[in-house]
Amino acid sequence: MFKTLATLGLATAIFGGTFTTLMAEDTKPIKLGWAAWSDAEFVTKLAAKLIKDELGTEVELVQSDVAPLYQGVSRGNLDAMMMAWLPQTHAEYYAKVKDRVEPLGTVYDGAKLGWIVPDYIPESEVASIEDLKKPDVQKKLSGTVQGIDPGAGLTRLSEKALTDYGLDGYKLQTSSEAGMLTTVDRAVRSEKWFVATSWSPHWMFGKYKLRYIADPKKSLGEAEHVEVLARRDFKSDNPKVAGFLSRMKLPISDLEAAMFNAQQTSYDEAVTKYIKDHPDQIKAWLGEQS
């Protein structure tokens, strides 16, 4: 069961009515925070299963928006989060807490943000964000860029892009990842024109024929890496789990394939399949010899 940040610390697990101090320490769960993004959900649930099954430590998954995750880790309410997009996307969040958190390692490299269009829109019509200023293109797109959460780094950078490119006739339609995906799905089914904010890795590139459009002003940033951030003293308090998280790194192609599988089946099934299909990778994360 997921718990919000507001309920952290309000519940205590009791086994048989009483337990010793030693048992309490042994069974104290690791609190991993995540936001409802498909990449974050997969890597967090993958880490949680391995921490529980292989390291013998219970895990509590805490779902929240991005900003509270940074605050939760910095205040020690969360042990770690596995979705710090750096150096640009989450720059503002990270700057506020960097002296109170500790990076453990990179989960994956080559992450990127951008705006996408479906392949059935001719590249001769829309190849770059600059092309959105064409009157006929703006009309076909209804002057709308489909966005995600209002508090997301991608949303902040997309607002900047609207200004940088002088897209005064456009509005950024904020909602959520799920809302954006619903819009994309409906549009693709009817071959309706759309432009949407997006990022890689994402499973939708396995389901739909989409392409990023060029961002010559680099308003949306360049290649990013995704870090694991932990609370202060986590490494000394939980060296075994901290060591595991510091070694956990996925090739982005493997991650996208797993995310697509999760959409076809479930995240639990996709996590189980990933572990089965990547034994050497898992051993390396656990610090074992192949």
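All values reported here derive from a predicted model rather than from experimental measurement.
S38 and Y267 form no side-chain donor-acceptor contact under 3.5 Å, judged by distance and modelled atom types alone. Side chains of Y108 and D254: no donor on one and acceptor on the other come within 3.5 Å. No side-chain donor-acceptor contact under 3.5 Å links T144 and Q173. E227 and Y94 are not linked by any side-chain donor-acceptor pair at a separation below 3.5 angstrom, with hydrogens and angles left out of the test. A donor-acceptor contact closer than 3.5 angstrom is absent between the side chains of W115 and S198.
Residues G147 and T197 come closest through the heavy atom pair CA-OG1, 3.4 Å. The minimum heavy-atom distance between Q88 and G221, with the atom names listed, is OE1-CA, 3.1 Å. When every heavy atom of R211 is checked against every heavy atom of E123, the shortest pair comes out as NH2-CA, 3.3 Å. Considering every non-hydrogen atom in both L245 and V228, the closest pair reads O-CG2, 4.1 Å. Taking all atoms of both residues into account, the shortest heavy-atom contact from E125 to W193 is CB-CH2, 3.9 Å. In terms of heavy atoms, A36 sits closest to W34 at CA-CZ3, 3.8 Å.
Proximity of V271 to F42: side-chain heavy atoms (C-beta onward) are separated by under 4.5 Å at one or more points. Side-chain contact between I282 and P279 is absent, with no heavy atoms from C-beta onward closer than 4.5 Å. A 4.5 Å side-chain heavy-atom check between Q281 and P251 finds at least one atom pair inside the cut-off. Considering only heavy atoms from C-beta on, L46 comes within 4.5 Å of L250 through its side chain. At a threshold of 4.5 Å between non-hydrogen side-chain atoms, the residues D39 and W85 count as touching.
Under 4.0 Å is where a charged nitrogen must lie from a carboxylate oxygen, and between K45 and E41 at least one such pair does. A salt bridge links D79 with R231; the closest basic N to acidic carboxylate O contact falls under 4.0 Å. Checked for salt-bridge contact, E102 and R232 miss the test: no charged N lies under 4.0 Å from a carboxylate O. Between D215 and K218, none of the side-chain N atoms (NZ, or NE/NH1/NH2) sits under 4.0 Å from a carboxylate O, so this pair counts as no salt bridge. A salt bridge links K249 to D109: at least one charged side-chain nitrogen sits closer than 4.0 Å to a carboxylate oxygen.
With rounding to the nearest 0.5 angstrom, the NZ atom of K217 is 11.5 Å from the OG1 atom of T163. The structure places OG1 of T106 at 11.5 Å from CD of E224, a figure rounded to the nearest 0.5 Å. Note that CG of L162 is 11.5 Å distant from CG of L157, once rounded to the nearest 0.5 Å. Interatomic distance, CD of E60 versus CD of E58, reported as 10.5 Å (0.5 Å rounding). One finds the OG1 atom of T183 at 4.5 Å from the CD atom of Q146 (value rounded to the nearest 0.5 Å). If you take CE on M82 and CG on L69, they are separated by 12.5 Å, rounding to the nearest 0.5 Å.
With hydrogens and angles ignored, the 3.5 Å screen pairs a side-chain donor or acceptor of S190 with a backbone N or O of R186. One N or O on the side chain of D131 and one on the backbone of S128 form a donor-acceptor pair closer than 3.5 Å.
The number of heavy-atom neighbours closer than 6.0 Å to NZ of K133, taken from other residues, nucleotides and ligands shown, is above 12. The local environment of NZ in K134 is crowded, with over 12 non-hydrogen atoms from other residues, nucleotides or ligands closer than 6.0 Å. Atom CZ of R247 has more than 12 heavy atoms from other residues, nucleotides or ligands within 6.0 Å. In this structure, E92 places its CD atom where only 12 or fewer heavy-atom neighbours from other residues, nucleotides or ligands lie under 6.0 Å away. Residue-environment remark: NZ (K140) exceeds the threshold of 12 foreign heavy atoms within 6.0 Å.
Taking the six-membered ring where the residue is Trp, the centroids of F205 and F260 are separated by 6.0 Å or more.
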Q.
Between Y93 and Q71, is the side-chain hydrogen bond (donor to acceptor under 3.5 Å, both in side chains) condition met? List the steps.
A. CA-CA 9 Å; Y93 299 131; Q71 291 301 317; over 6 Å; no
Q. Can you list the steps and then say if T272 with K49 is a side chain to side chain contact (heavy atoms under 4.5 Å, CB included)?
A. CA-CA 9 Å; T272 299; K49 182 170 178 60; 3.9 Å; yes
Q: For M83 and V66, run side chain to side chain contact (heavy atoms under 4.5 Å, CB included): C-alpha distance rounded to whole Å, both residues' side-chain angles, the deciding distance at 0.1 Å, then the answer.
A: CA-CA 9 Å; M83 52 173 298; V66 176; 4.2 Å; yes
Q. Which is it for K96 and Y70 under the side chain to side chain contact (heavy atoms under 4.5 Å, CB included) test, yes or no, and what are the steps along the way?
A. CA-CA 9 Å; K96 294 176 182 177; Y70 278 86; over 6 Å; no
(Q) Go through it in stages, so that I can follow the logic: the residues are S176 and I148, the test is side chain to side chain contact (heavy atoms under 4.5 Å, CB included), and I'd like the CA-CA distance, side-chain angles, deciding distance and then a yes or no. (A) CA-CA 4 Å; S176 63; I148 56 168; 5.9 Å; no
Q. Given Y274 and N261, is the side-chain hydrogen bond (donor to acceptor under 3.5 Å, both in side chains) satisfied, shown in steps?
A. CA-CA 10 Å; Y274 193 94; N261 182 36; over 6 Å; no
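Aromatic ring orientation, F194 versus Y120: perpendicular (interplanar angle above 60°, classes split at 30° and 60°). Classification of the W199-H202 ring pair by plane angle, with boundaries at 30° and 60°, yields perpendicular. In this pair, H90 and W37 present their aromatic rings tilted. The plane angle is within the 30 to 60° band.
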